[in-house]
Amino acid sequence: MALLITIIVLALIFDYINGFHDAANAIATVVATKVLTPFQAVVWAAFFNFLAYWVFGFGVADTVAKTAHTIDINLVVILAGVIAAICWNLLTWWLGIPSSSSHTLIGGFAGAAVAHAIYMHGFSDYTVVEDGVTITRHWYNIVNWYDPGKPGGLPTGVIIIIAFIVLAPLVGAIASYLISIWLLHSAGKSIYPKIFTAALMVLTVWFVAHMVETEIEKPRFESHFWSVALEPHNIKWFLVGFIVLSVSTFCLFFSSLNYNQSESILKKMQLLSSAAFSLGHGGNDSQKVMGIIAAAVIVYINKEGVVLEDMPSWLQVALPDGDTPGIMPEWIPLACYSAIAAGTLSGGWKIVKTMGSKITKVTSFEGVAAETAGALTLYFTEHLKIPVSTTHTITGSIIGVGLTKRVSAVRWGVTVSLIWAWILTIPISALLAAICYYLLKIFL
């Protein structure tokens, strides 16, 4: 039990470090454009990091918890993964490199699991009993590399997460580029951008209405209206609608505003887009730590032969299985969201400088486009239960707005250095975790 508690504490420390390491993702553009002072910006971001507690579910947490087969590993694996993730996060923070905390955690977990398989079985096959069935696995299959998912559902696994090293910034860049082009054309006197905007508003209302769930299994209020309105799944889609409709409304009147009026409104909209991105950051990254804590509890239950009901009520955790919903005590998400919000309050000024000015010069106009694109990307990937990097997403979004000016507006030397950091994060974290695992085995 002592080792389990140690892992939970270290996981929350990692969550705190994640907050100040990735604070730049949400606040860099509002600081660069002087919409908020650095202190105001971190308070703003931290508030919405915590507010994400009431908005997002546990889909990403479930994906992270299943990075390795919990029946095959022990608590030393998870401890080594968390220690390696903390070390790499602190190093990249010190160097001012906006690497992915998410991929650090995934890489650490996977690397320690593979090291455990080699330690226990060498490079030979081994058998495990899962749900009463004996299964033969290769040593490398201790990690959930690829799971095709349910029929009609999306695949999961480490390979999908690795694929989003490319896809997340690419989606962010394309989205921010398109939003920037939309805003630029809306500034003109042509009627066509207004027709497009009106059509987009209608389409958005239809989409949100289609995504909202009206049949709530466990209503939180006696009133059906409030139960539907404040259901976390629905709140996320209401936010998507609100963001798109807010930008659309501005686009309808953009051509009739002078420079000072438009700049004033854009700065206010930056507060909205920054808040939306901070919500996505909190919801996406806190869930990864929830997943690690859930995996640790389940491994403890498996290895100790404890029945779930015999665990203390505050440690009764179960992952979703088919149609059976998971169990997550309230203190876990509350602690995770509090930790990341506290970390964001601490700031990460070296990375703010990289994100806010070194990639490309960012104005209020471009800040709105980048953060809106980043937030929408995070909301949709969270809906798909894919743990993407908020760092990669916002970096891609900033590159996208830079490309609307000219290709040379993006400082590609800085960008290439960032991409190398992204590529190396998972393998280096995995290697660090493997070393940590073998060192820990000497003492544990």
Side-chain angles (χ1 to χ4, degrees), residues 3-4 6-8 10-11 14 61-88 100 102-149 155-163 165 288-289 291-306 317-319 321 387 423-444:
L3 189 55
L4 175 61
T6 301
I7 289 170
I8 292 172
L10 284 175
F14 171 83
D62 179 45
T63 300
V64 172
K66 294 174 179 174
T67 297
H69 297 288
T70 51
I71 199 168
D72 298 353
I73 62 175
N74 56 28
L75 290 178
V76 179
V77 170
I78 300 177
L79 179 60
V82 173
I83 290 173
I86 289 173
C87 292
W88 181 245
S100 168
S102 311
H103 291 158
T104 302
L105 196 59
I106 297 293
F109 195 2
V114 170
H116 173 71
I118 296 172
Y119 180 86
M120 296 297 293
H121 312 288
F123 297 98
S124 305
D125 295 348
Y126 64 96
T127 58
V128 293
V129 178
E130 194 168 339
D131 297 327
V133 179
T134 302
I135 301 171
T136 301
R137 287 201 180 111
H138 302 299
W139 59 272
Y140 52 83
N141 282 338
I142 194 169
V143 173
N144 177 23
W145 296 106
Y146 181 80
D147 184 348
T156 58
V158 174
I159 289 176
I160 301 300
I161 294 168
I162 291 172
I165 292 177
K288 293 154 192 170
V289 178
I292 290 295
I293 293 174
V297 174
I298 290 162
V299 168
Y300 176 82
I301 291 171
N302 289 339
K303 296 303 177 185
E304 298 297 323
V306 181
V317 176
L319 296 177
D321 184 15
I423 293 170
L424 293 173
T425 290
I426 288 181
I428 289 179
S429 300
L431 181 61
L432 279 175
I435 294 169
C436 287
Y437 173 81
Y438 288 121
L439 290 175
L440 288 169
K441 288 301 289 184
I442 298 173
F443 304 102
L444 297 177

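Residues take their numbers from the sequence shown, with the count starting at 1.
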Legend entry - For Ile83 against Cys436, the heavy-atom pair lying closest together: CG2-SG, 3.9 Å
Legend entry - Contacts of type side chain to side chain contact (heavy atoms under 4.5 Å, CB included), residue Ile142, not counting sequence neighbours: Asp72, Ile73, Ala113, Val114, His116, Ala117, Tyr126
Legend entry - Euclidean distance, Leu424 CG relative to Leu431 CG, rounded to 0.5 Å: 11.5 Å
Legend entry - Residue of the set Ile292, Leu3, Thr70 for which side chain to side chain contact (heavy atoms under 4.5 Å, CB included) holds with Ile78: Ile292
Inset, instruction - Tell me, please, which residues at least two apart from Asp62 pass side-chain hydrogen bond (donor to acceptor under 3.5 Å, both in side chains). - result: Lys66
Legend entry - Test item: His103 side-chain N/O and Ile423 main-chain N/O as donor-acceptor pair under 3.5 Å: no
Legend entry - Residues forming a side-chain hydrogen bond (donor to acceptor under 3.5 Å, both in side chains) with Asn302, sequence neighbours excluded: none
Inset, instruction - Would you name the heavy atoms of Ile293 and Ile8 that are closest together and state the gap between them? - result: CG2-CG1, 4.1 Å
Inset, instruction - Taking side chain to side chain contact (heavy atoms under 4.5 Å, CB included) as the test, write out the residues that go with Ala110, two or more places apart. - result: Thr67, Val143
Inset, instruction - Start with the C-alpha distance between Ile106 and Val64, add both sets of side-chain angles, then the distance that settles side chain to side chain contact (heavy atoms under 4.5 Å, CB included), and finish with yes or no. - result: CA-CA 7 Å; Ile106 297 293; Val64 172; 4.0 Å; yes
Legend entry - Atom pair CG/CG of Leu75 and Leu444 - distance to nearest 0.5 Å: 10.0 Å
Legend entry - Contacts of type ring pair (Phe, Tyr, Trp, His ring centres under 6.0 Å), residue Phe443, not counting sequence neighbours: none
Inset, instruction - Supply the atom-to-atom distance His69 NE2 to Arg137 CZ, rounded to the nearest 0.5 angstrom. - result: 4.0 Å
Legend entry - Atom pair OG1 (Thr104) and CD1 (Ile86), whose distance is rounded to the nearest 0.5 Å: 11.0 Å
Inset, instruction - State, to 0.1 Å, how close Leu10 and Leu79 come at their nearest heavy-atom pair, and which atoms those are. - result: CD1-CD1, 3.4 Å
Legend entry - Atom pair CD1/NZ of Ile298 and Lys303 - distance to nearest 0.5 Å: 13.0 Å
Inset, instruction - Please list, chain by chain and in numerical order, all residues satisfying side-chain hydrogen bond (donor to acceptor under 3.5 Å, both in side chains) with His138, sequence neighbours excluded. - result: Asp125
Legend entry - With sequence neighbours excluded, residues passing side chain to side chain contact (heavy atoms under 4.5 Å, CB included) with Ser124: none
Legend entry - Atom of Ala296, atom of Ile7 and distance for their closest heavy-atom approach: CB-CG2, 3.9 Å
Inset, instruction - Answer yes or no: does atom OH of Tyr119 have more than 12 heavy-atom neighbours from other residues, nucleotides or ligands under 6.0 Å? - result: no
Inset, instruction - Locate the shortest heavy-atom distance separating Ala433 from Ala80; write the atom from each residue and the value. - result: O-CB, 3.6 Å
Inset, instruction - With sequence neighbours left out, write down each residue that passes ring pair (Phe, Tyr, Trp, His ring centres under 6.0 Å) with Tyr146, or none if nothing qualifies. - result: none
Legend entry - Donor-acceptor contact present, side-chain Tyr438 to main-chain Ala115, <3.5 Å: yes
Legend entry - Ser429 to Ala84 - nearest heavy-atom pair and separation: O-CB, 3.8 Å
Inset, instruction - Sequence neighbours left out, what passes side chain to side chain contact (heavy atoms under 4.5 Å, CB included) with Leu439? Give chain and number order. - result: Ile435, Ile442
Inset, instruction - For residues 74-83, pull every pair meeting side-chain hydrogen bond (donor to acceptor under 3.5 Å, both in side chains), keeping only residues two or more places apart or in separate chains. - result: none
Legend entry - Pairwise distance CD1(Ile426) to CH2(Trp88) - rounded to 0.5 angstrom: 12.0 Å
